[in-house]
Amino acid sequence: MASNRSDVSVFVVDDDASVRRSLLRLLGAAGFQVAVFDAPDHFLDAVRFNKTDRCCLLLDITMPGSSGLLTIERMRQRGIDIPVIALSATDDELTRRMAKRRGAKLFFSKPVDDKALLDAIEWVTALNQNDG
């Protein structure tokens, strides 16, 4: 059964403006509610969650300042327990393992395949809904 994508919020945190723009276009065209942030602190300060929210976070792992890995830890400390899909231009075994260990559900190397990313968002938000 296909979910109603307009009920799903996707948050994007990436320091690269071109990545934010392309993900905003892709996800918006696919019917998701999308909010983009250029830094983890902006995301953490702006977004409030309810347990019933169907949402996920697309998080760049390698950013200057606050890394994506640290962001996942900070989210957990604040009780923000939404699915995280890690994105990184650095695609090596250590980065993948660290992202998974911190709690990322999936890891994609950049550039990301559009169809695979859309399928991943559907999967993690369906899992999230079934957990509640």
Side-chain angles (χ1 to χ4, degrees):
M1 178 169 102
S3 67
N4 184 357
R5 287 181 171 174
S6 65
D7 292 340
V8 177
S9 296
V10 180
F11 305 101
V12 177
V13 177
D14 198 301
D15 61 312
D16 185 327
S18 64
V19 171
R20 289 192 309 272
R21 275 193 305 274
S22 67
L23 288 174
L24 180 62
R25 272 195 304 269
L26 171 69
L27 300 172
F32 294 107
Q33 298 296 315
V34 187
V36 296
F37 301 90
D38 62 357
D41 287 342
H42 299 154
F43 163 73
L44 291 169
D45 291 344
V47 180
R48 300 291 172 257
F49 302 94
N50 295 315
K51 276 289 203 192
T52 57
D53 290 345
R54 291 189 54 215
C55 59
C56 71
L57 171 62
L58 303 183
L59 179 62
D60 185 10
I61 293 299
T62 49
M63 292 180 284
S66 182
S67 76
L69 297 174
L70 180 58
T71 302
I72 295 171
E73 286 183 16
R74 292 175 62 204
M75 288 171 56
R76 301 307 180 233
Q77 289 167 354
R78 294 181 183 201
I80 301 170
D81 189 24
I82 65 170
V84 174
I85 298 173
L87 308 174
S88 183
T90 305
D91 185 12
D92 58 53
E93 188 56 36
L94 178 61
T95 304
R96 284 177 174 270
R97 194 167 52 244
M98 289 174 60
K100 292 278 189 159
R101 190 174 296 147
R102 293 269 170 48
K105 298 281 187 199
L106 298 166
F107 182 100
F108 286 97
S109 59
K110 293 179 184 177
V112 179
D113 177 79
D114 293 352
K115 171 87 170 89
L117 184 61
L118 294 174
D119 288 346
I121 293 167
E122 289 274 355
W123 182 72
V124 300
T125 57
L127 282 179
N128 195 38
Q129 184 180 32
N130 293 336
D131 288 345

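Numbering starts at 1 and runs along the sequence shown.
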Side-chain ([X]) to main-chain ([Y]) donor-acceptor, under 3.5 angstrom:
X	Y	answer
Thr71	Ser67	yes
Arg5	Ala30	yes
Asp53	Cys55	no
Arg76	Ile80	yes

Taking atom [atom1] of [X] and atom [atom2] of [Y], what is their separation to the nearest 0.5 Å?
X	Y	atom1	atom2	result
Leu69	Arg101	CG	CZ	10.5 Å
Lys105	Cys56	NZ	SG	11.5 Å
Leu57	Ile85	CG	CD1	8.5 Å
Arg78	Met75	CZ	CE	10.5 Å
Thr95	Arg97	OG1	CZ	9.5 Å
Phe37	Leu58	CZ	CG	12.0 Å

Same cluster (ILVMFWY, side-chain, under 4.5 Å), [X] and [Y]:
X	Y	answer
Leu27	Leu106	yes
Trp123	Phe32	yes
Met98	Phe108	no

Do you know which two heavy atoms are closest between [X] and [Y], and how far apart they sit?
X	Y	value
Val34	Gly28	CG2-N, 3.8 Å
Arg54	Asn4	NH1-O, 4.1 Å
Asp14	Asp16	OD1-N, 2.8 Å

**Item:** Leu87 and its side chain to side chain contact (heavy atoms under 4.5 Å, CB included) partner, picked from Leu59, Leu23, Ile61, Val13
**Value:**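 That would be Leu23; it is the only one of Leu59, Leu23, Ile61, Val13 passing the side chain to side chain contact (heavy atoms under 4.5 Å, CB included) with Leu87.
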
Can you find a heavy atom in the side chain of [X] that is under 4.5 Å from one in the side chain of [Y]?
X	Y	result
Leu70	Arg74	yes
Gln33	Val10	no
Phe11	Ile82	yes
Val84	Val124	no
Leu26	Leu24	no

**Results of ring pair (Phe, Tyr, Trp, His ring centres under 6.0 Å) for Phe107 - residues two or more places apart only** =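 Ring pair (Phe, Tyr, Trp, His ring centres under 6.0 Å) list for Phe107, sorted by chain: empty.
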
**Request:** Look at Asp91 together with Lys110 and state whether they make a salt bridge at an N to O cut-off of under 4.0 Å.
**Result:**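 Here Asp91 does not pair with Lys110 in a salt bridge, since their nearest N and O are not under 4.0 Å apart.
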
**Message:** Does anything in residues 111-121 form a side-chain hydrogen bond (donor to acceptor under 3.5 Å, both in side chains)? List the pairs, not counting sequence neighbours.
**Reply:**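 Qualifying pairs: Lys115-Asp119.
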
**Request:** Would you mind listing every salt bridge (charged side-chain N to carboxylate O under 4.0 Å, His left out) that reaches into residues 27-39, with sequence neighbours excluded?
**Result:**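 Listed once each, the pairs would be none.
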
